[in-house]
Amino acid sequence: MSQARRSTSTKAAGIVGIAVMCSRLLGLVRELVFAALFGAGYKMDAFVAAFRAPNLLRDLFAEGALSTAFVTTFSKKIELEGDQAAWDLASKVATLTVVFMSLVTLLGIWLAPVLMGEVLARGFAEEPGKLELTIWLTRIMFPFILMVSLAALAMGMLNAKDRFGVPAIASSFFNLGSIVGGAGLGYWFDPTFGEKALTGLALGTLIGGFLQFAVQMPSLYQVGFRFRPDFWWKDEGVRKILQLMGPAVVAASAVQVNVMVNGLFASYLGNGPMSWLNYAFRLMQLPIGVFGVAIGTVTLPAVARFAAKGDAVELRDTLARAIRLAFLLTIPCAVGLIFFGEPIISLIFERGRFEQVDTVATAAALRFYAVGLAGYAAIKVLAPAFYAMDKRWAPMMVSFLSIGTNLVLNWIFTFTLGWGHKGLAFSTGLVAIINFAILYGMMAKHASGLHTRALALTLLKIGLAAAPLAAICWASQNYLWPDLAALGLGKKAGFVFASIAAAGGAFFLMAYLLRIEEVDDLVSIFRRRLRRGQTDRTGEK
């Protein structure tokens, strides 16, 4: 891959990463507000379980199978037939999405008692009123799947036209709507933020979903999309998307089965574990989204275009470099979360009804989740590429394997070894690593190699660069920090951020000295920006 192309893709990933970081930070603010208002017990368990049903469908259809299949087909349509053919396809798919997801929403509202009582939260029936509250909240939030499906289509069209910033920032509007609308309506329903206030939070989720879709519409108009209802679903492009979606839905459903199994296990662990796991995974989603999703978002349209042109060399180079970049950015995050989990959670969540015992339990889950962080991020890059290459059955088979692996590991760690909710987090991390290893081996075979030697060398260098990072983390925890629980918010934030900055700086300095190629690309982009800024200032003078 040429230096110019590498720098361009790195820059695009950086733009998406910044936008996703804003969204993830707002997501943390959302969880912070909810934790302060409701804590991590009975009420928040019910809300988390209720949102899981439409959220699982979002991962399954909207931001999973539909997004991957649509972006792949839409990008190839642009490459081979031009923009107008692609826009016609988009109208057909959007019409089909509205009809199908509306039916799914109605079905979900009707079957909410079965979904919650028999599948996702069966253990809640052991506590009076908890299951009934969960069913009520589920019914309110089910229309979210329709809104987020349309948002995913809009994101796919913009990404295929190399517009990455607006769709990446769109989820920030979901969080804003959830925070402002949810907290405001919650207060209106119950100023003491008791059980009735949860209805306001559920309605706020719908407000956020609508905003996530609506904010992308002006950009879609700018790139040329004009929606018109089109029910001609026998079109070749629609058929291709549905063919790709079939295996993708099956593959994603295996992941969702794992999530449901984890939720079912957690529902039998009493009040708190489901909320602790949710808060911990929210922190995990920050590096996954900023790095894994961002790199995968930029990589997929390029891989689809290379596949359409039959350019195997560029396709292989693009994928290999994206995986190395994902590891470079997520491995230091994993080390940081393992060491700094408790102080970070204390800083973000420990206020209001979220107590110190919740901090300790959530941090324990986070440490085990972090084991699989790099694998999780790399899967976000690697799995969609199989669909772009029309190797759609491979991720499905790997996902089936993960169901059995996850179930066995859950039973061993949670009940046999007695690790409780920590066992659920650890099994999730291990399954992510196993899935990535298998997918990588399969892709290396299909793509005639993925520069595995270069990846191994990069991993060795990342490991060496992570050594000073881990040392700073350990020293901060054991020698530099006073008792954080006794500090005010300002001083606590100062200690945490200073330590994170020092550890991160040490890692990237070491990575630069070790001549990791992707770090060189980042430095080159920064230098060009700096020179451009100096030239602009000189021109102004």
Side-chain angles (χ1 to χ4, degrees), residues 49-71 73-74 87-116 119-120 134-158 167 170-171 173-174 177-178 181-182 185 199 201-217 220-221 225-235 237-246 248-250 252-253 256 260:
F51 186 54
R52 181 157 290 164
N55 203 38
L56 288 177
L57 290 175
R58 177 184 69 174
D59 293 339
L60 184 63
F61 288 107
E63 295 179 359
L66 175 60
S67 179
T68 299
F70 178 76
V71 171
T73 308
F74 189 78
W87 296 136
D88 291 342
L89 173 63
S91 288
K92 292 180 175 66
V93 176
T95 305
L96 177 59
T97 299
V98 170
V99 173
F100 179 73
M101 287 303 174
S102 295
L103 294 175
V104 169
T105 297
L106 293 174
L107 192 63
I109 292 171
W110 178 44
L111 294 176
V114 177
L115 284 173
M116 292 297 111
V119 181
L120 295 179
T134 306
I135 293 170
W136 166 250
L137 297 175
T138 301
R139 284 174 161 159
I140 294 174
M141 287 190 281
F142 234 99
F144 171 77
I145 182 59
L146 171 60
M147 301 173 193
V148 79
S149 296
L150 294 174
L153 279 180
M155 178 185 71
M157 285 184 268
L158 291 171
S171 54
F173 287 83
F174 163 72
S178 299
L185 289 172
T199 299
L201 289 193
L203 292 172
T205 299
L206 300 185
I207 295 172
F210 172 76
L211 291 178
Q212 183 175 348
F213 167 63
V215 74
Q216 298 182 78
M217 294 310 296
L220 273 181
Y221 189 86
F225 177 63
R226 304 291 184 272
F227 173 72
R228 57 181 181 83
D230 190 339
F231 293 88
W232 182 249
W233 298 334
K234 294 182 179 181
D235 176 81
V238 174
R239 185 181 66 82
K240 185 65 175 177
I241 290 172
L242 294 177
Q243 285 179 342
L244 286 173
M245 280 188 67
V249 167
V250 175
S253 66
Q256 306 317 319
M260 288 190 293

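Numbering starts at 1 and runs along the sequence shown.
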**Request:** State, with a plain yes or no, whether a side-chain heavy atom of L96 is found less than 4.5 Å away from one of L242.
**Result:** yes
Value for CD (Q212) from CE (M147), rounded to nearest 0.5 Å, stands at 11.0 Å
Closest non-hydrogen contact found for A94 with L153 is CA-CD1, 3.6 Å
To the nearest 0.5 Å, atom CG of L146 lies from atom CG of L103 at 10.5 Å
The side chain to side chain contact (heavy atoms under 4.5 Å, CB included) partners of A49 (sequence neighbours excluded) come to A121, F124, T134, M274
Rounding to 0.5 Å, atoms OG (S178) and CG (L206) come to a distance of 9.0 Å
Rounded to the nearest 0.5 angstrom, the CD1-CG distance for I140 and L201 is 10.0 Å
Residues passing the side-chain hydrogen bond (donor to acceptor under 3.5 Å, both in side chains) test with S91, sequence neighbours excluded, are none
Next item on the list: Would you check if F174 and V148 make a side-chain contact, meaning some heavy-atom pair closer than 4.5 Å?
Entry: no
CG (L137) and CZ (F51) are apart, to the nearest 0.5 Å, by 12.0 Å
F225 meets the ring pair (Phe, Tyr, Trp, His ring centres under 6.0 Å) criterion, sequence neighbours left out, with W87
Taken in chain and number order and not counting sequence neighbours, the residues that satisfy ring pair (Phe, Tyr, Trp, His ring centres under 6.0 Å) with F173 are none
For residues 95-115, the side-chain hydrogen bond (donor to acceptor under 3.5 Å, both in side chains) pairs (sequence neighbours left out) are none
Check whether any side-chain heavy atom of L220 sits under 4.5 Å from a side-chain heavy atom of F227, and report yes or no.
-> no
Residues passing the side chain to side chain contact (heavy atoms under 4.5 Å, CB included) test with I135, sequence neighbours excluded, are A112, P113, M116, L131, R139
So the salt bridge (Lys or Arg N to Asp or Glu O under 4.0 Å) pairs with at least one residue in residues 88-112 (sequence neighbours excluded) are D88-R228, K92-D230
In short, G177 meets L211 closest at the heavy-atom pair CA-CD1, 3.9 Å
CG (L89) and CG (D235) are apart, to the nearest 0.5 Å, by 6.0 Å
